[in-house]
Every structure is written in structure tokens, then in C-alpha cells.
Student: 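Sharing a structure here in C-alpha cells format.
Just follow the structure's listing: the first ligand is 1, and inside any ligand the first atom is 1. Keep in mind that this is a model prediction, so the values were computed, not measured.
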Amino acid sequence: MDTKINIAIDGHSSCGKGTLAKNIAKELGYLFIDSGAMYRAVTLYLLNEGISLEELNDDPAILGNIKIDFVLNPEKKFFETYLNQVNVEHEIRNMRVSKYVSPVSTLKVVRDFLVKKQQEIGQNKGVVMDGRDIGSVVFPDAELKLFITASLKERTLRRFSDLKNVSMEEIERNLDQRDYDDSNREENPLVQSKDAILIDNTNLSKKEQLELILGYCNKVILG
Ligand code: DC
């Protein structure tokens, strides 16, 4: 019957897992949460306030000043990220934030703060969350775990078509560095959980991926 599950989607930067997660949530009528947007929102806050990583580490109570919400845009029909009541959906995707987000996301105080929020969101099930540690740390009991990847070249090309005024070389360097940082940090590194299904989407269209994954979802939901 209508059993709600949590779906954890992890993988490398810019492999399209956000769009995928968003579409799966739409098809199932589930809530989509972009956990990367939460790390980006914290990063933007620190940049705007001029707060260094050391200062934050020494005074984690600073995080109490950060309120992150996902608000439905009725025209676009998807949720946008708000930082302290301001729509930051576009700003959090720029290179200034992209360059600083990996070091910010290595901090234990930041991870503890955001993981707790993410677990609260997931407690009633019916959530599709994408990130790096969703299957391993945030929802270790998720009924369905997916690990998405694509070649670095393909990911660079996809990101290049989304961004303006940034060279292909700069994008490739940033992705390569983030892959390294995400996989090698001490706190909650990017890992494929043993029970996650691996999907390399280098040669798959968005439609093909969605169909493949909805098949997995239905198998779990319908038993
Ligand atoms: O998914 P994204 O590229 O928007 O994520 C931005 C950064 O946030 C990424 O470099 C790693 C970090 N991140 C993380 O450490 N853990 C998550 N669950 C999600 C993102």
C-alpha cells in the first residue's frame, strides 16, 4: 500500500543528482531536500558576515543565528533555499560559495548542526534527500540508497552549460578538488554505502535515469 520511505541519494559534485532527486520526489509526491544547499547557505552566511572557520570552531553558538528554510516557488513549482528569510537559491550556487563550501563542510560543528536538522526533516519519512553522507550518516536506515556518479569530463560539461563567466578549466579544477576534499575529509566523507545501488549516468539521459530509479523505488514501496 502507500508506505512512505526515505530515499538517500549520494554521489559526486555535479553528477545531476539534485535534478534527479527533485524529479523522483515530484513523481512520488515526496519532499525533496538538497542537503548541499544547506552547506552552501552556511558558507554564504560565514562569507557575508566575515566569520572565519577558526572563529566558528571556537564559538559554534554562531550557528544558532542561521535559519535555513525551503520555500515553495509557486511559479517554478519547486522549493528554493532561504537563509534568514532571504531567497539565496541563486547566490549559493556561485563560484565564491563553491570555492569555500568544501572547507566549511569539513567542520564537525557544521556537520553536527546540519545532520541533526536533516534527521528531523526525515523522521516522518517521505523524503528524498541528496548529498554526500545521506546513506551513510543522515539516514543509515533509508529504505533505498543510491550512489550516483559520472565521469569528470561529463560533469564539467554539464556544469559549464549552467554557469556563465567561468572557464571550463576552472570548473574542472573546482570539481576535481571537491571530489578529493569530499572523499578524504575526516568527518563523514563521501562513501558509497555497502547497501547503496551504484548508478553511473555518464551515458544516460535524464529520462532514462528517472525511469531506472523509479523502478527501484516502486520495487521497495510496493514490496
Ligand atoms: O551538492 P553540492 O555540490 O551543492 O554540495 C556542496 C558542497 O557541500 C560539497 O562540496 C560538499 C558539501 N556537502 C557535504 O559535505 N555533505 C552533504 N550531505 C552535502 C554537501
Student: Ignoring hydrogens and geometry beyond distance, is a side-chain donor-acceptor pair present between S13 and R132 at under 3.5 Å?
Tutor: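 S13 vs R132: donor-acceptor pair found between side chains.
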Student: Per the salt bridge (charged side-chain N to carboxylate O under 4.0 Å, His left out) rule, which among R155, R185, R173 passes with D179?
Tutor: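 Exactly one pass, corresponding to R155.
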Student: Please tell me whether E170 and S167 have a donor and an acceptor in their side chains that are separated by less than 3.5 angstrom.
Tutor: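 Checked: E170/S167 side chains show no N/O donor-acceptor pair below 3.5 Å.
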Student: List, ordered by chain and residue number, the protein residues whose closest non-hydrogen atom lies under 4.0 Å from any atom of ligand 1.
Tutor: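 Protein residues near ligand 1 are K17, S35, G36, Y39, R40, V101, S102, S105, R111, G131, R132, D133, I134, R178, D182, R185.
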Student: Name the one of D130, D195, D133 that satisfies salt bridge (charged side-chain N to carboxylate O under 4.0 Å, His left out) with K145?
Tutor: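 So, applying the salt bridge (charged side-chain N to carboxylate O under 4.0 Å, His left out) to K145 and each of D130, D195, D133, only D195 qualifies.
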Student: So, for S14 and L175, which heavy atoms are closest and what is the spacing to 0.1 Å?
Tutor: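 Reported closest heavy-atom pair: OG-CD2, 3.5 Å.
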Student: What pairs of residues pass the side-chain hydrogen bond (donor to acceptor under 3.5 Å, both in side chains) test when at least one of them lies in residues 101-110, not counting sequence neighbours?
Tutor: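 Every side-chain hydrogen bond (donor to acceptor under 3.5 Å, both in side chains) pair that includes a residue of residues 101-110, provided the two are not neighbours, is K108-D112.
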